[in-house]
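Not measured: the values here are computed from a predicted model.
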Amino acid sequence: MLVSQSQDSESFSGRRPILAVVIIELLLLLAVFAAGAVATIREMDYTAPVWMSFTPIAVVLIIYLTFRRRWGLIGFRSLRTISARQWMYYIPLLLLLGTLLLKGFGELTLSKSVFFIFFTLLVAFVEETIYRGLIFTILLRKSVVAATVVSSVLFSVTHIMNAMSGQSLGDTLLQLVYALLVGVVLALLMSLNGNIWPLIFFHFVHNLIQFLGDDHQGEGSLPYDIFVLVVLAAHAIWLVLRLRADSSSVSQPKQGPAMMK
């Protein structure tokens, strides 16, 4: 059920969108940093900070979105709202997943697979709901550009926490650029179709492949990284051109969030 614009404009996020986004991001970072500190002190597994921080966040999100009836507003809609023609804009994401699969998998066990299925589902739900759901939708009242840029930058900056786990500066910078481009592409897809389910699915499968994959960083990885960045950049440009074409056409209104201004 969609919340009416008049009702949404009376909410805190409707009256103070920038402040609402700042609060959401700070609360997320505070939860992750606190969980990371506890995990470090107790010498817990590297996945522990995410479990400890994202699990209560997921519960809060479910309660909030259900109580305020905002699931539909932030993109939790039937996949039938995406036309057959619009599905082609997700093809580059499938190409990206395919390149990840080419790296192969490490030693797999049932317990490991089940563990990371639930782990990556949790991460995909929380991050997509926050960045492409709440933050993106809140900032749409400013503009699609503001919603796309800010949500993507915040999504990228959040990944700087990987530097705290001993990751090299070069790898961290590469991951920041990668996360930024992924964030831009997913935000543009959200603007185009207004449906968050394909984004959660992509995020889930992407992370699952990475965690279960053959995690080796050898020589020759730079060409692969460059190829992936080029694919993402080209995908973003394609989506921008499509959105500009749509904005110049007034033949019929869209159902995506870009029209919820």
Side-chain angles (χ1 to χ4, degrees), residues 12-14 16-33 36 49-50 53-54 57 61 74-75 89 92-93 96 123-165 167-194 196 198-200 202-204 206-207 210 225-226 228-244 247 256-258 260-261:
F12 176 76
S13 62
R16 301 288 181 84
I18 302 300
L19 182 57
V21 167
V22 171
I23 291 175
I24 291 172
E25 180 69 9
L26 288 179
L27 288 176
L28 174 63
L29 293 177
L30 179 62
V32 174
F33 278 127
V50 176
S53 58
F54 277 32
I57 290 175
L61 286 172
I74 66 170
Y89 294 101
L93 294 183
L96 178 57
V123 172
F125 171 75
V126 170
E127 291 191 348
E128 290 307 315
T129 301
I130 289 178
Y131 290 104
R132 258 68 65 179
L134 292 175
I135 291 178
F136 181 83
T137 303
I138 289 172
L139 292 176
L140 273 176
R141 59 183 33 85
K142 295 294 183 180
S143 69
V144 174
V145 174
T148 299
V149 172
V150 175
S151 64
S152 302
V153 169
L154 292 179
F155 178 67
S156 176
V157 170
T158 302
H159 289 77
I160 201 171
M161 291 181 292
N162 292 320
M164 301 175 61
S165 63
Q167 184 172 268
S168 68
L169 177 60
D171 288 340
T172 300
L173 291 176
L174 182 63
Q175 186 169 11
L176 290 178
V177 175
Y178 179 75
L180 177 63
L181 288 175
V182 169
V184 168
V185 167
L186 297 185
L188 290 172
L189 285 169
M190 185 65 179
S191 180
L192 180 65
N193 294 323
I196 202 171
L199 312 185
I200 292 177
F202 165 77
H203 200 146
F204 159 62
H206 177 279
N207 286 4
Q210 286 195 320
D225 294 331
I226 294 176
V228 169
L229 295 180
V230 169
V231 170
L232 288 171
H235 192 187
I237 293 173
W238 185 27
L239 292 171
V240 168
L241 294 176
R242 167 60 198 274
L243 287 169
R244 285 186 175 180
S247 64
M260 297 182 189
K261 298 179 182 178

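- L30 pairs by the side chain to side chain contact (heavy atoms under 4.5 Å, CB included) definition with nothing, not counting sequence neighbours.
- When all heavy atoms of G183 and R132 are compared, the pair lying nearest together is CA-NH1, 3.5 Å.
- Of all heavy-atom pairs spanning R141 and S13, the tightest one is NH1-O, 3.7 Å.
- Between atom CG of residue L241 and atom CG of residue L188 there is a gap of 10.5 Å, rounded to the nearest 0.5 Å.
- No donor-acceptor contact under 3.5 angstrom links the side chains of Q175 and S156, judged on distance only.
- Of all heavy-atom pairs between K142 and P17, the closest is CE-CG, 3.8 Å.
- Residues I135 and L154 approach most closely at CD1-CD1, 4.1 Å, considering heavy atoms.
- Residues L134 and L61 meet the side-chain proximity criterion, which asks for heavy atoms closer than 4.5 Å.
- Side-chain contact between F136 and S191 is present, with heavy atoms from C-beta onward closer than 4.5 Å.
- Between V150 and I18, the closest side-chain pair of non-hydrogen atoms is not below 4.5 Å.
- Residues satisfying the side chain to side chain contact (heavy atoms under 4.5 Å, CB included) test with A234, not counting sequence neighbours, are none.
- No side-chain donor from either of S152 and Y131 sits under 3.5 Å from a side-chain acceptor of the other.
- By the ring-ring contact (aromatic ring centres under 6.0 Å, His included) test, F204 pairs with no residue at all, sequence neighbours left out.
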Does I196 form a side chain to side chain contact (heavy atoms under 4.5 Å, CB included) with I200? I'd like the steps, not just the answer. CA-CA 6 Å; I196 202 171; I200 292 177; 4.2 Å; yes
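- Here CG of L140 is found 12.0 Å from CD1 of I74. Values are rounded to the nearest 0.5 Å.
- At a threshold of 4.5 Å between non-hydrogen side-chain atoms, the residues F33 and S53 do not count as touching.
- Atom CG of L199 and atom CG of L189 lie 6.0 Å apart (nearest 0.5 Å).
- Counting heavy atoms from C-beta outward, V32 and T158 have side chains that stay 4.5 Å or more apart.
- Note that the CZ atom of F155 and the CG atom of L176 stand 11.0 Å from one another [nearest 0.5 Å].
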Give the intermediate values and the outcome of side chain to side chain contact (heavy atoms under 4.5 Å, CB included) for residues I23 and F12. CA-CA 11 Å; I23 291 175; F12 176 76; 4.0 Å; yes
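- Proximity of a side-chain donor or acceptor of H206 to a complementary backbone N or O of L93 within less than 3.5 Å is not detected.
- Without hydrogens or angle criteria, T148 side chain to V145 main chain gives no donor-acceptor distance under 3.5 Å.
- Shown here are the side chain to side chain donor-acceptor pair (under 3.5 Å) partners of E127, two or more places apart in sequence or in another chain: H203.
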So L29 and E25, side chain to side chain contact (heavy atoms under 4.5 Å, CB included) or not? Walk me through it. CA-CA 6 Å; L29 293 177; E25 180 69 9; 3.8 Å; yes
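- L96 places a side-chain heavy atom less than 4.5 Å from the side chain of L232.
- Residues satisfying the side chain to side chain contact (heavy atoms under 4.5 Å, CB included) criterion with V230, sequence neighbours excluded, are I226.
- Taking the side chain as every heavy atom from C-beta outward, I57 and T129 never approach each other to under 4.5 Å.
- Of all heavy-atom pairs spanning V184 and A236, the tightest one is CG1-CB, 4.0 Å.
- When side chains are defined from C-beta on, F202 does not count as touching E128, because their heavy atoms never get closer than 4.5 Å.
- Scored by the side chain to side chain contact (heavy atoms under 4.5 Å, CB included) test, P198 finds L79, I82, W87, Y90, N195 as partners (sequence neighbours excluded).
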Could you walk me through whether V157 and L180 pass the side chain to side chain contact (heavy atoms under 4.5 Å, CB included) check? CA-CA 8 Å; V157 170; L180 177 63; over 6 Å; no
